[in-house]
Amino acid sequence: MRKNNWDRSGLPGWTYQSDSLFQLEAEELFRKHWQFVCHINELNKIGSYKTIEIVNERGFVIKGENNEIRAFHNLCRHRGSRVISDKEGVCKRAIVCPFHGWSYNFDGSVRGVPNKDSFGDTDFSEMGLKPLEIEIWHGLIFVRFKKSNQKSISEILKRFDNEISFYKMEHMQPVDGSIWTDILDANWKSVRDVDNEGYHVRQAHPSLFDLYGQDYNDEPFVEGTSRSIGTFNTKPSKKWSVKRYRHIVENNNWLKLPKLLSRSWIYFGMFPNFVLGLYPECIIYYYEYPLSSTKTIQTGGVLKHKKESREKKIARYLSGRIDRDTAKEDQMLVEWSTEAVKSSAFKGFCLSDLEYGVKTYHDHLRKLIPVMNFNTEPIDHSLNEFNNKLLAENKT
Ligand code: FES
Ligand SMILES: [Fe+2]
């Protein structure tokens with residue numbers, strides 16, 4: 001733990017409520033960083049797809065011939081309509097645009113155009129769907145809307161490869177009905193601020209505290225990733241669901257995990273917005289992205305192994321109960337955090353050494369978007385231009 005005089009004040013209040021900054025974040029963070037779409041086993045058949053919508057970008061992943069998974073912008077090359085309108089589903093034979101009926105093959109190439117002769121000498125071999133960058137890591141599919149300096153997922157998450165391999169995540173599948181979505185009256189960074197520290201567990205999360213409150217550790221955000229581990233308490237738990245959960249998990253080791261992992265919940269974070277939780281009986285994930293400077297969409301889900309004993313299923317049910325309570329508790333704190341910065345009395349945070357992860361995450365943000373270093377919003381300039389100038393100065 002760090003015992004020095006680091007700046008404990010956190011990001012300035014304006015960064016949680018500025019519409020110009022929201023635009024800059026959309027560009028620099030959400031378009032230029034990998035975004036989670038789904039698990040490979042959500043795409044079961046040839047033609048199965050799943051869409052993603054984020055900061056005015058629309059994309060989808062689809063399984064084509066030879067089971068190859070590709071990603072495209074969800075944007076018809078005729079007049080820009082969505083070519084896929086549902087969140088998920090299966091395309092039969094082709095992707096057909098609902099506007100005028102252009103159709104595309106699963107590799108994105110144009111398959112058919114109604115009244116083709118009416119397009120003069122348009123070269124349709126050049127009119128395929130625009131591909132998106134895609135990467136699959138241990139069964140999780142990520143896409144990126146714009147190229148950037150961010151490394152590949154396999155490089156970013158390399159330090160977790162060893163631990164994750166015990167869980168055989170690529171063979172897991174989504175739990176039916178487990179995907180949840182909530183809209184919060186909050187800036188998306190308030191979600192991260194609450195999530196990036198475990199100091200609040202004792203007070204705000206009675207069930208989590210009962211599960212691993214005695215031995216929880218947040219490692220700081222380093223190079224865009226973080227790791228936290230909560231090892232189950234040694235003294236008996238008090239709440240019946242936690243007690244029952246621990247009894248089952250501590251008397252089983254379905255995956256033959258090393259002892260520490262078999263009694264811990266581990267969280268991996270990837271900048272800017274993705275978290276994976278490894279539990280002995282299942283894996284959970286959640287992420288958020290902004291709809292505006294003070295509206296955020298948060299979503300998540302649960303992955304399980306195909307074959308599950310009755311006890312394992314009960315354990316997953318119980319951990320789900322604990323997680324649902326925790327998420328509700330956190331969402332309230334998140335909304336209060338954004339509310340706070342609007343108050344005339346708000347003059348910044350006073351972070352503890354136990355909240356160092358919040359600071360290191362903010363440092364990462366300040367590096368990519370240097371205008372966040374200013375105590376008040378630099379409104380005399382276009383925020384975008386000013387930020388580019390600061391970035392250029394930082395390079396020289
Ligand atoms: S916009 Fe898709 S066919 Fe016209
Ligand atoms: Fe929390």
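When a ligand or atom number is given, it counts from 1 through the structure's own listing order.
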- Item | Metal site the Fe ion (ligand 2): N/O/S of Asp330 inside 2.8 Å | yes
- Message: Suppose we only count N/O/S atoms under 2.8 Å; would Cys97 qualify as near atom 2 (Fe) of ligand 1?
- Response: yes
- N, O or S from His100 under 2.8 Å to atom 2 (Fe) of ligand 1: no
- Could you point out which residue of Asp218, Asp195, Asn217 forms a side-chain hydrogen bond (donor to acceptor under 3.5 Å, both in side chains) with Ser228? Asp218
Can you list the atoms of ligand 1 that are under 4.0 Å from a heavy atom of [X]?
X: Ser81; value: 1 (S)
X: Cys76; value: 1 (S), 2 (Fe), 3 (S)
X: Trp102; value: 3 (S)
X: Gly101; value: 3 (S)

- Of the non-hydrogen atoms in Phe221 and Thr360, which two are nearest, and what is the gap between them? N-OG1, 3.1 Å
- Where Gln150 and Phe271 come nearest, the two heavy atoms and their spacing: NE2-O, 3.8 Å
- Query: So which protein heavy atom does atom 1 (S) of ligand 1 come closest to, and at what separation?
  - Reply: Arg79 N, 3.4 Å
- Query: Distance under 6.0 Å and angle within 45° of the ring axis: does Lys189 meet both against Tyr16?
  - Reply: yes
- Message: Tell me whether the NZ or CZ atom of Arg8 lies within the 45° cone about the ring axis of Trp6 and under 6.0 Å from its centre.
- Response: yes
- Which N, O or S atom of His78 lies nearest to atom 4 (Fe) of ligand 1, by name: ND1
- Once the angle between the rings of Trp265 and Tyr279 is folded into 0 to 90°, is it parallel (under 30°), tilted (30 to 60°) or perpendicular (over 60°)? parallel
- So, Trp188 versus Phe22, ring centres under 6.0 angstrom or not? no
